[in-house]
There are 2 protein chains.
Amino acid sequence: MSKLLTDLIEALRCLPGVGGKSAQRMAFHLLERDRERGQRLAQVLEQAMREIGNCSRCRNFSETPVCNLCSSSSRDRQVLCVVESPTELAAIEQATGYRGQYFVLLGRLSPLDGLGPEELGLDRLAERLGEGEIEEMIIATNPTVEGEATAHYLAQLARAANVRPTRLAHGVPLGGELEYVDRGTLAHAFGSRQSLD
Amino acid sequence: MSKLLTDLIEALRCLPGVGGKSAQRMAFHLLERDRERGQRLAQVLEQAMREIGNCSRCRNFSETPVCNLCSSSSRDRQVLCVVESPTELAAIEQATGYRGQYFVLLGRLSPLDGLGPEELGLDRLAERLGEGEIEEMIIATNPTVEGEATAHYLAQLARAANVRPTRLAHGVPLGGELEYVDRGTLAHAFGSRQSLD
């Protein structure tokens, strides 16, 4: 195989979920059938890697200093949703009708990995909470040990600024069968059962 | 989501087997964790799409006028293996110990799609057969209707140049169970049974 083709196959393996076999299939597909879109991908990818930074206000990915969401006048400025990463922001945007603003931690509190309040931009978050505009802070960190610890810290931060902290509901997923729900979730859902009246 | 990020996700969908969800995962992964390799991919991809052409001798992908395989002095010049596409050439190279040369049709005879002998470079193949160096032509087209028709045509071409045509063996795949082998293959394997003495 030619040097350049080998390099291309190797480079494609940086994509998550793409091993040697898929990378080869991708390379051959582009070369045989879709050079134009391959060129376009190369160009957009280069530009994205170079230009996409983080919004100075919410830390979400953005190629402008302030992102669309933060500069939009149609988003509710009284509610702020805190997420760990842009992936989770995208998931919430796609699944819910949420119309407030966001703050992206770009991580979770994890002292062992060197991720403290400063790395997560919590000083900037505290500043924003202090501006007095925000009334509710929705904490949407992941339900992992570190995510929960982060949530705890965030709740204190909100209370200190007189902002009401809320947390995503935990419980049995819709469409799931009780039999297959993990014990921890089931116990939590049982303990947090809600009155139907 | 920012315009550039949306563009990147859309562009990634040109890869085979990548839908909207995977494309989004890939884009976020590269931006969050692997910008350097993303940059490298962009650069190699651009170069590959622009520079990789076809070898003037065997029509395989190559960024040089004549590919490594054709210019190699360690490959047997008496045997020529004809395949439909570079993918199949790669599969044969990776699976077998074949040390001869190749010719890539870049398609199969398919008059309805406008693919005739000329598009498959059969004039060039005939020329090569006429040079007198080749003794055996291994026909490794796919075992589809069109592939078989192409094989038939190629065999005639070889015979006309006094080259012995051979064909990949058809039969039950190794490790397969007879119960699950399709009828056509089983009937063929049965009819072509070989003596063990």
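These figures come from a predicted structure and were not determined experimentally. So you know, we letter chains A, B, ... as the sequences are listed, proteins then strands, and number each from 1.
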Interface check, chain A: of B:T64, B:N54, B:L12, B:D34, most non-hydrogen pairs under 4.5 Å belong to B:L12
Looking at B:Q24, B:Q43, B:M1, which one has more heavy-atom pairs under 4.5 Å with chain A than the rest?
-> B:Q24
Atom pair CZ (B:F61) and CG (A:L5), whose distance is rounded to the nearest 0.5 Å = 7.5 Å
When only pairs under 4.5 Å are counted, which of A:L30, A:L106, A:L69 shares the most heavy-atom pairs with chain B?
-> A:L30
Same hydrophobic cluster for B:L129 and B:F103, using side-chain heavy-atom links shorter than 4.5 Å among ILVMFWY?
-> yes
Give a yes or no on whether A:H152 atom NE2 has more than 12 heavy-atom contacts from other residues, nucleotides or ligands under 6.0 Å away.
-> no
Sub-4.5 Å side-chain heavy-atom contact between A:L15 and B:L15 | yes
Residue B:R99 excluded, over 12 heavy atoms near CZ under 6.0 Å = yes
A:L122 with A:V82, same ILVMFWY side-chain cluster at under 4.5 Å = yes
Check the hydrophobic clustering (I, L, V, M, F, W, Y; side-chain heavy atoms under 4.5 Å; chains of links allowed) and say if B:I134 and B:V83 are grouped together.
-> no
Within 6.0 Å of OH in A:Y153, more than 12 heavy atoms from elsewhere = no
What part of A:R50 gets closer than 4.5 Å to chain B, counting heavy atoms only: side chain, backbone, both or neither?
-> both
For B:A42 and A:L45, work out which heavy atoms get closest and say how close.
-> N-CD2, 3.7 Å
In terms of heavy-atom pairs under 4.5 Å, which option from A:E10, A:Q39, A:K3 contacts chain B the most?
-> A:Q39
Starting at CD of B:E46, measure out to CG of A:L41 and round the result to the nearest 0.5 Å.
-> 11.5 Å
Pair count under 4.5 Å, heavy atoms only, with chain B: among A:E51, A:Q47, A:E32, A:R33, highest is A:E32
Minimum heavy-atom distance between B:S2 and A:I52, given as atom pair plus value | OG-CD1, 4.5 Å
Taking A:E63, A:R40, A:R25 one by one, which has the highest count of heavy-atom pairs under 4.5 Å against chain B?
-> A:E63
Heavy-atom proximity to chain B below 4.5 Å, by part of A:E36 = neither
Might you point out which heavy atoms bring B:M49 and A:G38 nearest each other, and give the distance in Å?
-> CG-C, 3.9 Å
Would you say B:Q194 has more than 12 foreign heavy atoms packed within less than 6.0 Å of its CD?
-> no
Let me know if B:N68 has heavy atoms under 4.5 Å from chain A in its side chain, its backbone, both or neither.
-> side chain
Are B:L8 and A:M26 co-members of a hydrophobic cluster defined by side-chain heavy atoms under 4.5 Å apart?
-> yes
Identify which of A:A27, A:A11, A:G17, A:S62 forms the greatest number of heavy-atom pairs closer than 4.5 Å to chain B.
-> A:A11
A:V44 to B:D7 - nearest heavy-atom pair and separation | CG1-C, 3.8 Å
What heavy-atom pair brings A:L31 and B:A48 nearest, and what distance separates the two atoms?
-> CD2-O, 4.0 Å
So if you build clusters from Ile, Leu, Val, Met, Phe, Trp, Tyr with side-chain heavy-atom gaps below 4.5 Å, do A:I138 and A:V104 land together?
-> yes
Count the heavy atoms of every other residue, nucleotide or ligand shown that sit under 6.0 Å from CD of B:E131, and state whether that count exceeds 12.
-> yes
